[in-house]
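Step one of this worksheet: look at the structure below.
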Amino acid sequence: MKPYFSELQYAYSCTRELEDILLSCGVPYFPSLVEEASVGFDVRVDTIVAPVFLQYKVADYLQRRNSKHWDLFNVNHYRFPIYPADKSPQHNLLKSLSVSQPFVFYCSSCFFEYSDYRLLHEDRRIMSQSTFINLRELPYNSGSYWHHIVYNPTRTTAFWCSNPVEINLYKNWEQVLYYIRNQSDDLIKHRIQDAPNREHNNDRYQDQLSLEPELGKYSLDSYIIRIHQLLINALEEQKIIYKPKVSNNNTREVLQEISGLLESYFSTTLIFLKVNH
C-alpha cells in the first residue's frame with residue numbers, strides 16, 4: 001500500500017523537528033536538485049563531532065501474505081526501494097560518503113495514513129515514528145538490479161534485499177542520538193590528536209577527555225562548563241595559551257566562546273543535542 005503523503009511533506013516535517021532538537025545547529029544545508037545528483041543526501045546538519053547526512057524515504061506498507069518478503073517477518077511491514085546503479089547513483093554516493101563520514105542514514109516513515117501524518121506533524125513526533133539505517137552497514141549496488149530495505153519498526157533489525165542481509169535498525173531519532181553520543185568520545189579524541197602543531201599525546205589528558213554518553217549525569221550548565229574547560233586544556237597541550245573571556249555564570253556566553261574555539265582551532269561547528277527523557 002502506497003503512503004497517503006508525499007516525500008516532500010515527510011522531508012519538511014522531519015527537518016523542522018531536526019531544527020528543534022539540534023540546538024545551535026544553524027541552518028541545515030539542502031543541496032540543490034543538481035547538487036543532490038552528485039552528493040546523494042537530502043539534508044546535512046552539523047554537530048560537534050561530525051555532520052549528520054539524511055536521505056529521506058517514504059515507505060510502502062505491506063499487508064498481504066503473498067508480498068515478496070513476508071516470510072522475513074510474518075506480519076505487516078514496510079519497504080522502500082534502492083534504485084539500480086545504472087538508473088541512479090544515489091545509493092552508491094551515500095555509501096561512498098559513509099566511508100569518511102560516520103553519520104549517513106536513510107530516514108524512513110513508520111506510518112502510511114495521511115491522518116497519522118497530520119497528527120504526528122502537529123505534535124512534532126514524525127522523527128519518533130521514523131526508522132534510520134546507517135549506510136556503513138549496507139553494500140554498494142551495481143548494474144540494473146533493484147534492491148529494497150524492508151523493516152518492521154517493532155524489530156531491532158531490518159533487511160537489505162533481494163538476497164536478505166540483516167542490518168541494524170535504529171527505531172527512532174532518540175536511538176540515533178544515543179549512537180552519536182556513544183561515538184563522540186573517539187571522534188573528538190581523534191580530532192584533538194590530529195590538531196595542528198600538536199607535539200605529543202598526553203595520557204593524563206586523554207584520560208580526562210570523556211564526553212559522557214549519559215548526559216543525564218550532569219546538569220546542562222555543568223556539562224557546558226566541562227566542555228569549555230576540556231577545550232582550554234587541549235589548547236594548553238598544544239602550547240597555546242588561551243585566557244577565557246567569559247564567566248562560568250553566563251551559560252550563553254560560555255556557549256558562544258566554545259563555538260569560537262571550535263571554529264578557530266579545531267575546524268568544526270558547535271551543536272548541542274536536546275533529548276527529551
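Just so it is clear, the structure is predicted and the values come from calculations on it, not from any experiment.
Criterion: ILVMFWY side-chain heavy atoms under 4.5 Å apart, direct or through other members. Under it, Met127 and Tyr12 are not part of a common hydrophobic cluster. Connection of Tyr114 to Tyr61 is established within a shared hydrophobic cluster, with ILVMFWY side chains joined at heavy-atom distances below 4.5 Å, either directly or through further cluster members. Cluster annotation: Tyr56 and Val58 are assigned to the same hydrophobic cluster (Ile/Leu/Val/Met/Phe/Trp/Tyr, side-chain heavy-atom contacts under 4.5 Å, transitive). Both Tyr29 and Val45 sit in one connected hydrophobic cluster of ILVMFWY residues. Membership requires side-chain heavy atoms under 4.5 Å apart, directly or through other members. Hydrophobic clustering (ILVMFWY, side-chain heavy atoms < 4.5 Å, transitive): Leu62 and Leu169 are in distinct clusters.
Taken to the nearest 0.5 Å, the CD atom of Glu166 stands 10.0 Å off from the CD atom of Glu137. To the nearest 0.5 Å, the span separating NZ on Lys68 from OG on Ser162 amounts to 4.0 Å. Atom OG1 in Thr157 sits 7.0 Å away from atom CZ in Phe73 (nearest 0.5 Å). Atom CG in Leu120 sits 8.0 Å away from atom CD in Glu17 (nearest 0.5 Å). With rounding to the nearest 0.5 angstrom, the NE2 atom of His91 is 11.5 Å from the CD atom of Gln55. Remark: Ile167 CD1 to Arg136 CZ distance equals 15.5 Å, nearest 0.5 Å.
In this pair, Phe103 and Phe105 present their aromatic rings parallel. The plane angle is below 30°, not in the 30 to 60° band.
Contact of the Trp70 side chain with the His77 side chain is registered, since non-hydrogen atoms from C-beta on lie closer than 4.5 Å. Taking 4.5 Å as the limit, some side-chain heavy atom of Arg155 sits within range of a side-chain heavy atom of Val75. Contact check for His69 versus Phe159: no side-chain heavy atoms found under the 4.5 Å cut-off. For the pair Leu72 and Cys161, the minimum side-chain heavy-atom distance is below 4.5 Å. Residues Tyr10 and Ser130 form a side-chain contact, since some pair of their non-hydrogen atoms from C-beta on lies under 4.5 Å apart. Side-chain contact between Trp160 and His147 is present, with heavy atoms from C-beta onward closer than 4.5 Å. Residues Trp173 and Leu18 form a side-chain contact, since some pair of their non-hydrogen atoms from C-beta on lies under 4.5 Å apart.
Heavy atoms of other residues, nucleotides or ligands lying less than 6.0 angstrom from CG of Asn163 number 12 at most.
A pairwise comparison of heavy atoms in Cys14 and Ile126 identifies SG-CG2, 3.6 Å as the closest pair. For the pair Thr131 and Cys110, the tightest heavy-atom approach, listed with the atom from each and the gap, is CG2-SG, 3.1 Å. Of all the heavy atoms in Tyr78 and Ser109, the pair that sits closest is CD2-O, 4.0 Å. The minimum heavy-atom distance linking Pro3 with Asp60 is given by the pair CD-OD1, 3.6 Å. Taking all atoms of both residues into account, the shortest heavy-atom contact from Leu93 to Gly40 is CD1-N, 4.0 Å. The shortest non-hydrogen separation linking Trp146 to Ile82 is CE3-O, 3.9 Å.
For the residue pair Ser108 and Tyr151, a side-chain donor N or O sits within less than 3.5 Å of a side-chain acceptor on the partner. A donor-acceptor contact closer than 3.5 angstrom is absent between the side chains of Ser115 and Tyr4. Using modelled atom types and a 3.5 Å distance limit, the side chains of Asn152 and Asn76 yield no donor-acceptor pair.
Checked against side chain to side chain contact (heavy atoms under 4.5 Å, CB included), Val39 has the following partners two or more places apart in sequence or in another chain: Pro31, Phe41. Under the ring pair (Phe, Tyr, Trp, His ring centres under 6.0 Å) criterion, Phe5 pairs with Phe111, Tyr117, not counting sequence neighbours.
Aromatic pair Phe80/Tyr106: centroids less than 6.0 angstrom apart.
At distances below 3.5 Å, at least one donor-acceptor pair connects side-chain atoms of Ser13 with backbone N or O atoms of Gln9.
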*Can you list the steps and then say if Leu135 with Phe53 is a side-chain contact (heavy atoms from CB on, under 4.5 Å)?*
CA-CA 10 Å; Leu135 266 292; Phe53 300 87; over 6 Å; no

